[in-house]
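Bear in mind that the values here come from a model prediction, so they are computed numbers and not experimental data. Here is how names work: the chains are called A, B, and so on, in the same order as the sequence lines, proteins then strands, and each is numbered from 1.
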Amino acid sequence: MTAIQESAQRDIEANPYRPWPARITSITDLTDKEKLFELRLIDEDVREAFQFESGQFVELSIFGVGEAPVSISSAPSKQGFIELCIREAGDVTGAMHRKKCGDVVGLRGPYGRGFPFTEMKGHDVLLVAGGLGIAPLKSLINHIHDDRHEFGKVTILYGAKSPAEVLFRYQFDMWQHRDDFDLILTVDQPDETWTGETGLVTRLFDKIDVDPANTYGAICGPPVMYKYVIEEMRKKDMDVDRIYVSFERRMKCGVGKCGHCGVGHQYTCVDGPVFNYWEAMNLQGAI
Amino acid sequence: MFFRVIDKARLPDLVKGLATEYEVIAPIAKGEQFVYAAVTDPADMRLDYDTTLLPPKRFFFPSEETLMRFRVADNEVLDDEVYAAPRVLFGLHPCDINALLLMDNVFSGKYEDPYYLRRREQTLLIGISCTPSETCFCNVWDTNEVHWGFDVFLTDLGDRYFASCRTVKGAEILDRFVENRQVTDQDTTDFQSVVHGFKNSFKRVADTTQLPVLLDAKFDSPIWDEFGDRCLSCGACSMVCPTCYCFDVEDRLEPDQKSGVRVRTWDSCQFKEFAAVAHGQNFRESRASRVKYRYYHKQWGYLSKFERVLCVGCGRCARACPAGITPENVIAALQTGEVR
Ligand SMILES: Cc1cc2nc3c(=O)[nH]c(=O)nc-3n(C[C@H](O)[C@H](O)[C@H](O)COP(=O)(O)OP(=O)(O)OC[C@H]3O[C@@H](n4cnc5c(N)ncnc54)[C@H](O)[C@@H]3O)c2cc1C
Ligand code: SF4
Ligand code: SF4
Ligand code: FES
């Protein structure tokens, strides 16, 4: 760290609840309910000090409305900007959806424990996303993409309700034709244009080969999904401590103080949101 | 540690002296009960109090506080200074000092909470020995003794106080504000007999053997449904608890909608919305799951991080609960499977 970064770090640490102004530099409509926002922290030193891992999240702050935890969707290798994929679900996310390019919002973070990227290197990776769960996994996917030669086989299974709800479709449509990523999309309710798979994401496990001794799993999706996907991974003999899950819980502070995100004996915000399955099995009520 | 003896008749001098430089907070009577409040006249203090309605946590972590003032237009923070005036908390019992030590663990660490910590730095703590009340069970957690976290601790020896000074500040205020003398062998002997008498005066016992294991092994036990059926989700247990720290944060706009304040308020895991997330999902929907969570976190969650249970046996929640749910009942139910 440079001296300037250190001094920015001190400013940030002086008050962990203080959000830092960030400008919205681009907005992309993904579906009816989700938009992708690109943001840039305005203070150069704060921006430099903001170093994150895939799987971590920020607290998005809109003064007068409140705060919401949001996963970072872009890869750490993308410097200076971060992307947030946000579904309109209430006050803060709704206010964010009404923002225009150039508007300023607040960010604090990055928070939490992300995916073990370094540990995953040299192995096959099986990523399973359901719905909005693709948001944090997108960061991991892009990060792997940037370091593709460091990984073995990379398989992505992604399920959405309907074709209209498939996120990042423009990118995934292109990726369908790549041979360095095995990407399978599925929807519960296909329409006449849909040519991909149909049904729940768990059904896709019949179509893939997994080398259990050499594979890391990463799962993110709606709460009901975890149990079934983990079952499929276990059927493929994957190790409990190589299956990683990312949890969503109610959060207020993001820094282990407010108590809202408690899961079992841990706090999702500081001990997670990414846990391996062994840890998750030891968290009462987690899955 | 450094020790002094103060004649009981001289104690008001200490309070008066402190009041010239600090706001002095001490227990006073309120109807049949006791509360912590600002005092100017030492005669108002009731150092013979059993316990206070609310714990002293609110002097560090108020039930409502402004974190920052903001401007809406450019999402800027206008002011996030922590305004903490120098204070003395006079007459804290060992349980309440121990409770602050447990709170310190939460509000410090990797992310330091400037609001709590600044007030902590600005506040002197003067502890005092006590007599166990009907609901006290600090003996169960060994929180009937306190060894640090205070500036001065006064042990009542009848006609005089045995004063233990933990900090430089503590020693300094004694020397500046009250006549005191060195400790004699007789003082130490009397101190020993008082603290032994105190230790032997506890009536309550609780079998805390392997509680963390029981909490997991009996996670699905019907005892939780029984407690859940009784609980009213009023949150009183959390509000009166010196170790409950959960909070909520909300923004409040000025009438002109241009600026506002971000405020944090006490919250409770017993409230229904506490663990609710978007799209109608609630991770602790049932009252049973919420009552269980409060104990699970106190006896295991916190312990897993800081090697102490998050309870000091002050008995306030037992007094406050309209449904008669007490830590002792819960612990006994975990051991025996029967709900009292
Ligand atoms: C680690 C993590 C990562 C997340 N990543 C994303 C993401 O990448 N994209 C995305 O769109 N959403 C994400 N979320 C969910 C997002 O935080 C919630 O949708 C958002 O907080 C709702 O806030 P709101 O003000 O818009 O809604 P509100 O108006 O506050 O409430 C609507 C509903 O959301 C619930 N809720 C309120 N506050 C929270 C909270 N802090 N956390 C969870 N639920 C809450 C309420 O119970 C209510 O039922 C993530 C959540 C977590 C915990
Ligand atoms: S749980 Fe009850 S007895 Fe224990 S510290 Fe809190 S209020 Fe006191
Ligand atoms: S005080 Fe008693 S009734 Fe009220 S929330 Fe706590 S346990 Fe439930
Ligand atoms: S979000 Fe506050 S403790 Fe985790």
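- Considering only heavy-atom pairs separated by less than 4.5 Å from chain B, the leading option among A/Cys261, A/Ala14, A/Gly262, A/Ala68 is A/Gly262.
- Under the 6.0 Å distance and 45° angle rule, A/Arg249 counts as a cation-pi partner of B/Phe283.
- For the atom pair CG (B/Asp251) and CD (A/Glu67), the distance works out to 7.5 Å, reported to the nearest 0.5 Å.
- With respect to chain B, the highest number of heavy-atom pairs below 4.5 Å among A/Val105, A/Val263, A/Asp103, A/Val270 belongs to A/Val105.
- Heavy atoms only, all atoms of each residue included: A/His265 and B/Tyr296 are closest at N-CE2, 3.7 Å.
- Atom NE2 in A/His260 sits 10.5 Å away from atom CD in B/Glu273 (nearest 0.5 Å).
- For the pair B/Pro114 and A/Pro16, the tightest heavy-atom approach, listed with the atom from each and the gap, is CD-CD, 3.8 Å.
- When each of B/Leu67, B/Val82, B/Leu215, B/Asp267 is scored by its heavy-atom pairs under 4.5 Å with chain A, the top score falls to B/Asp267.
- Few gaps surround CG on B/Asp256; more than 12 heavy atoms of other groups in view lie less than 6.0 Å from it.
- Neither the backbone nor the side chain of A/Arg23 comes within less than 4.5 Å of any heavy atom of chain B.
- The two residues B/Val106 and A/Gly256 make their nearest non-hydrogen contact at CG1-O, 4.1 Å.
- Contacts of B/Asp80 with chain A are made by both backbone and side-chain atoms, with heavy-atom separations under 4.5 Å.
- Side-chain contact between A/Arg87 and B/His279: present, with at least one pair of heavy atoms (C-beta onward) separated by less than 4.5 Å.
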Next item on the list: Quick one: do A/Arg18 and B/Phe70 satisfy side chain to side chain contact (heavy atoms under 4.5 Å, CB included)? Show the steps, please.
Entry: CA-CA 10 Å; A/Arg18 183 192 176 110; B/Phe70 58 76; over 6 Å; no
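- Remark: B/Arg264 CZ to A/Cys253 SG distance equals 9.0 Å, nearest 0.5 Å.
- For B/Phe306, the CZ atom sits in a packed shell: over 12 heavy atoms of surrounding residues, nucleotides or ligands are nearer than 6.0 Å.
- Of the two parts of B/Ser268, neither the backbone nor the side chain holds a non-hydrogen atom closer than 4.5 Å to a non-hydrogen atom of chain A.
- Surrounding CD of A/Glu44 are at most 12 heavy atoms belonging to other residues, nucleotides or ligands under 6.0 Å away.
- Ring geometry, A/Tyr111 versus B/Tyr111: the interplanar angle exceeds 60°, so the pair is classed perpendicular (tilted spans 30 to 60°).
- Using a 4.5 Å cut-off between heavy atoms, A/Ser61 touches chain B through backbone and side chain atoms alike.
- With chain A as partner, the option from B/Val77, B/Val261, B/Val72 having the largest number of non-hydrogen pairs under 4.5 angstrom is B/Val77.
- When each of B/Ser259, B/Ala276, B/Gly301, B/Ala73 is scored by its heavy-atom pairs under 4.5 Å with chain A, the top score falls to B/Ala276.
- Using cut-offs of 30° and 60° for the angle between ring planes, the B/Tyr115 and A/Tyr17 rings count as tilted.
- Taking every heavy atom of both residues into account, A/Gln284 and B/Asp216 meet most closely at NE2-OD1, 2.9 Å.
- Options A/Asn282, A/Val65, A/Thr93 differ in how many heavy-atom pairs under 4.5 Å they form with chain B, and the most are formed by A/Val65.
- Between A/Asp271 and B/Lys305 there is a salt bridge, since at least one side-chain N of the basic residue sits less than 4.0 Å from a carboxylate O of the acidic one.
- Looking only at heavy-atom pairs under 4.5 Å with chain A, the residue among B/Asp248, B/Asn282, B/Asp74 that has the most is B/Asp248.
- With a 4.5 Å cut-off on non-hydrogen atoms, A/Ala22 does not touch chain B at all.
- Atom NZ of A/Lys257 is separated from atom CE of B/Met103 by 12.5 Å, given to the nearest 0.5 angstrom.
- Looking at B/Tyr116, neither its backbone nor its side chain comes within 4.5 Å of chain A, counting heavy atoms on both sides.
- What you find for A/Lys252 and B/Val249 is that their closest heavy atoms are NZ-O, 3.5 Å.
- No donor-acceptor pair closer than 3.5 Å links the side chain of B/Asn75 to the backbone N or O of A/Pro21.
- Of the residues listed (B/Arg69, B/Met68, B/Glu76), the one engaging A/Phe63 in a side-chain contact (heavy atoms from CB on, under 4.5 Å) is B/Met68, and it is the only one.
- Looking at A/Pro19, both its backbone and its side chain come within 4.5 Å of chain B, counting heavy atoms on both sides.
- For B/Phe274 against A/Cys258, the heavy-atom pair with the smallest separation is CZ-O, 4.0 Å.
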